Amino acid sequence: MASSNASPHREPSEAGLGALIRDVRVLRLIAQFSVLGVVILVFGWLIANTQQGLERASIPTDFGFLSQPSGFQIDEGLSFQPHKRTDSYANAFLTGVINTLRAVIVSLVLCTILGVVVGIMRLSTNWLVRMIAIVYIEIFQNTPLLLQLFFIFTSVILTLPPAATPIVVLDGIYLSSGGLAMPALVAQQNGWLWFAFSVIAFVLAVIIWRQLKRRRLESGRATYAAEISSALFFGVTLISLFVLQPFSTDYPEIGRFGYVLGKGAVLSAPFFAIVIGLVLYTGAFIAEIVRSGIQAVPYGQWEAARSQGFRYFQILRLIVLPQAFRVMIPPLTNQYLNLAKNSSLGAAVGFAELFGVARTITQSVPSVPVITIVMVIYLVISLGIAAIMNILNTRVQIKVR
Amino acid sequence: MTATSVPNTPITQVQRPLQTKGVLAWLRKNLFRTPLDTLLTLIVGYIAISGLVSFLQWAITAADWQVITINFRILLQGRYPGEAGGRLALSVFLLVGLAGLSWGLWGRMYLTTAVTLVAGMIIFVLVPLAQESLAGSAEASLGLYLSVQVAPLFSVLRDPVIFLVILLMGGYGIGRAMKAVNTQLFRRTVIIGWFVTIPLVFILVRGFERDTPNFPLVAPTLWGGLLLTFMLAFVAIVACFPLGVLLAIGRMSGGGKKRVWKPTPGWFLNPMEWYRSLAAWWINLGNYPILKLLSIAYIEFLRGVPLVTVFFTANLIVPLALGDANIDAVVRAMVALTLFEAAYIAEIVRGGLQALPPGQVEAGKALGLSPIRIALFITLPQAIRIVIPALVGQFITMFKDTSLVAIIGLTDLLGISRSVLAQSAFITRHREIYVFVAVVYFVFSYGMSYAARQLERSGSGATRKIG
């Protein structure tokens, strides 16, 4: 670089090897490269060993198996029988990923709602409500998720009546140890038309909402932005729903051995177990985050709002929670990442998510490529969640100019 | 509006001030403040009470607690040989005694805690006694049930519980006395005591070689139940900490001059700009770019994958990678847990290091300390002090995470409860077993978080008292 002679670490009078090995930058490089060398050596030795072992047993380590038929079937997925015996291993992985995402997305939404509700309950002035929140949080934070899953699956869901004689929740909705069966909506020919109407109505509603909101900010008069735009959206969606009749309902049927396959929408018992487990477990942690987030908002904000005549829930919704949200996002991101990773425990209750599928696959395929694929997919999911939350974080932080 | 338009009507009714003391006032303030509050109290109260009642009804009239009584030893120590049980007892004695001493030296026992402990002890004494009186005249079904199902469980638990509570409170008393005599000296002694005891306990549980007369080897494959859970958590907590600190330092390593590079319009068309951006990135990594990148890669990789996949790898690939060297499945799980949790510890310690004002390092440099000394004597002690609450939270997570070894077939507390349930005699007793296991996990996790709160309150945590 430009002024190496001016560096305070080197004696300018010396030259040659002696100067070189006394230069702190060279020493740093040597130290780092020796660490790197050790890491590479250890890894190389492990990999070489693994390869030798695999070759001795003549096990292939490439990804060629992905296109071969898997020989097992998965009944859990978006459609009825998403993975048949003759489908490829790649399809099995895809089914696993879809199931993981299904469980993660549903639990993510539900645990956030639960966490916010319990976090507010935790700060209630009502002693009983507060105690219930504390007991819930302590119980679910201080016991392992895997134990909770086993309990929910074995001791709650599986003790429901069998699917042949289910509990009728409402007409057409059945609950049993086989899971929850609901009427399915099947899109007709003009389903896309209804969808297009709703999208157009949504876009229009957003435009009108922004206009009205701007007008309110300019004139100071109430323009009922939220009411008008939501009336527009729901009005168009519901009226076109009645006029077009784009869906036909497919009711679940109950046969001698339980729910009839391919009839209605069935949420399986393992899916239920993993979603309830993840929601209850993560909800306890999110409740604590919400509590500390609300407490981080200065009490003067409450008092100021109260002196302006706001009511309790108005203060929460309009003043405290938006400010608490800023503090909450980093720990919330951590909890969402934990939730995504914890979804791998679904395998323990027989939910066919990514890790469970991979475990099944390793029974017929060498494990090294399978584990590589699984870890890469989990890394991608984690990075995706982290990226979305980072964008959200930069959006809600106060802009300092 | 003018100031004169104040209503001039005479006040006819003077409202009596509400009571501010007593049970009624408390009820009004905390449960029936407003009509909405009253409604909420009634609804929530009804749900809570009916839930509690049905649980208690199940627990003392329907549950078959014999399954715990019969399998008690297995749940606690797995296949650990009975003749070596004394070694376990000695280990527990050492650890609980030290915990009591530390409590006395650093924390305070509040009256409610003491009352809870003593009351718990008394219950464990009374219930088995009640059994004897009930057994004779056990005509009522509840009495019969209590004497057959509940009391034996309590009499199995009685001696260990009494022993532990007395040991803990005795240790606490001695700790208080020590604190009164010479706080600093005894605190140091106890810290050294922990450092000696932890490896000692490991040796006690494991033993030496196969045929030594006094302490024969008990292979880790024989550890099970709560013992295995503890040993996994124990080894992981002790071993992941130094590794995590090293990784944190690696990731925090910086220094050197910063180079500013700003993208100019159309920079990606100019190869020189590519070089400049890369060079700026590399230089801004600091004095140890390779170490920093290695640490980041390690931390972010392990934080991005689930623990089960790491256990799975340890189970399937490590035997292949190590060739003929046969490593026990328990040891593999310990190593996997340690490597995994080190990444989380590293991030926590990094948070502490980042919270330190830069003047601390600069002051160290000004005194002519080497970077290693700066880390050991200036930055790390302060950084770790700041993050004690987060560290304890991670240790609790680690303790709960040990239960995942059940998925790869080890018999920790959860795994062994699954194998108890697999026996045909106990197959329907899942509720009893899971409730018992949950209580055990809860007691230790809650104890740890309670201890952390005490430590924080004592001022040994985030802030240090000067003088």
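What you see is a predicted model, and the numbers here were worked out from it, not measured in a lab. Within every chain, numbering begins at 1; the chains are lettered A, B, ... in the order of the sequence lines, protein sequences first and strands thereafter. No hydrogens, no waters, no symmetry mates; every other heavy atom, side chains included, goes into these values.
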Which atom pair, heavy atoms only, marks the closest approach of B:Y446 to A:N142?
CD1-ND2, 3.5 Å
Atom of B:A48, atom of A:I132 and distance for their closest heavy-atom approach
CB-CD1, 3.5 Å
Nearest heavy-atom contact between B:T313 and A:I371 is OG1-CG2, 3.5 Å
Separation of B:K400 NZ from A:T143 OG1 (nearest 0.5 Å)
7.0 Å
Most heavy-atom pairs under 4.5 angstrom with chain A, which of B:P306, B:S445, B:G304?
B:P306
Which heavy atom of B:I407 sits nearest a heavy atom of A:A348, and at what distance?
CD1-CB, 4.1 Å
Can B:R418 and A:F150 be said to form a side-chain contact (heavy atoms from CB on, under 4.5 Å), step by step?
CA-CA 9 Å; B:R418 300 275 288 172; A:F150 283 145; 3.3 Å; yes
Hey, could you give me each pair passing ring pair (Phe, Tyr, Trp, His ring centres under 6.0 Å) that has a residue in residues 338-388 of chain A? Not counting sequence neighbours.
A:F271-A:F351, A:F355-B:F312
Do A:T159 and B:H430 come within less than 4.5 Å of each other through their side chains, counting heavy atoms only?
yes
Which of the residues A:Q148, A:R359, A:K341 is involved in the greatest number of heavy-atom pairs with chain B at under 4.5 angstrom?
A:K341
Testing the basics here: between A:P144 and B:S403, what is the closest heavy-atom pair and its distance to 0.1 Å?
CB-OG, 3.3 Å
Between CG of B:D37 and CG of A:N126, what distance do you get to the nearest 0.5 Å?
4.5 Å
Using side-chain hydrogen bond (donor to acceptor under 3.5 Å, both in side chains) as the criterion, list what pairs up with B:D64, not counting sequence neighbours.
B:Q149, B:R429
Going from CG on B:L40 to OG on A:S124, what distance comes out if it is rounded to the nearest 0.5 angstrom?
6.5 Å
Side chain / backbone / both / neither for B:L31 at chain A, heavy atoms under 4.5 Å
both
Quick check: are there more than 12 heavy atoms from other residues, nucleotides or ligands sitting under 6.0 Å from CD1 of B:I372?
no
Max heavy-atom pair count under 4.5 Å with chain B, selected residue of A:Q32, A:R130, A:Q141:
A:Q32
First locate atom CD1 of A:I152, then atom OH of B:Y434, and finally report the distance between them rounded to the nearest 0.5 Å.
11.5 Å
Roughly how far, to the nearest 0.5 Å, is the CG atom of A:L145 from the CG atom of B:L404?
8.0 Å
Give me the one residue out of A:L146, A:L345, A:N342 that meets side chain to side chain contact (heavy atoms under 4.5 Å, CB included) with B:V308.
A:L345
Count the heavy-atom pairs under 4.5 Å between each of B:V310, B:V443, B:V305 and chain A, then report the option with the highest count.
B:V305
Show your working on side-chain contact (heavy atoms from CB on, under 4.5 Å) between A:F151 and B:V435 and close with a plain yes or no.
CA-CA 8 Å; A:F151 186 84; B:V435 167; 4.3 Å; yes
Is it the backbone or the side chain of B:Y344 that comes under 4.5 Å from a heavy atom of chain A, or both, or neither?
side chain
Please classify the contact of A:V39 with chain B as side chain, backbone, both or neither, using a heavy-atom distance under 4.5 Å.
side chain
Is A:F285 close to chain B through its backbone or its side chain, or both, or neither, when contacts mean heavy atoms under 4.5 Å?
side chain
Side chain, backbone, both or neither: which part of B:L291 has a heavy atom under 4.5 Å from chain A?
both
Side chain, backbone, both or neither: which part of B:F444 has a heavy atom under 4.5 Å from chain A?
neither
Heavy-atom pair count under 4.5 Å with chain A, highest-scoring of B:I396, B:V440, B:I433, B:L414
B:L414
How long is the straight-line distance from CZ of B:R303 back to CG of A:N334, given to the nearest 0.5 Å?
6.0 Å
Check this for me: B:Y450, atom OH, are more than 12 non-hydrogen atoms of other residues, nucleotides or ligands nearer than 6.0 Å?
yes
Can you see which heavy atom on B:R431 is nearest to which on A:S155, and at what distance?
NH2-O, 2.9 Å
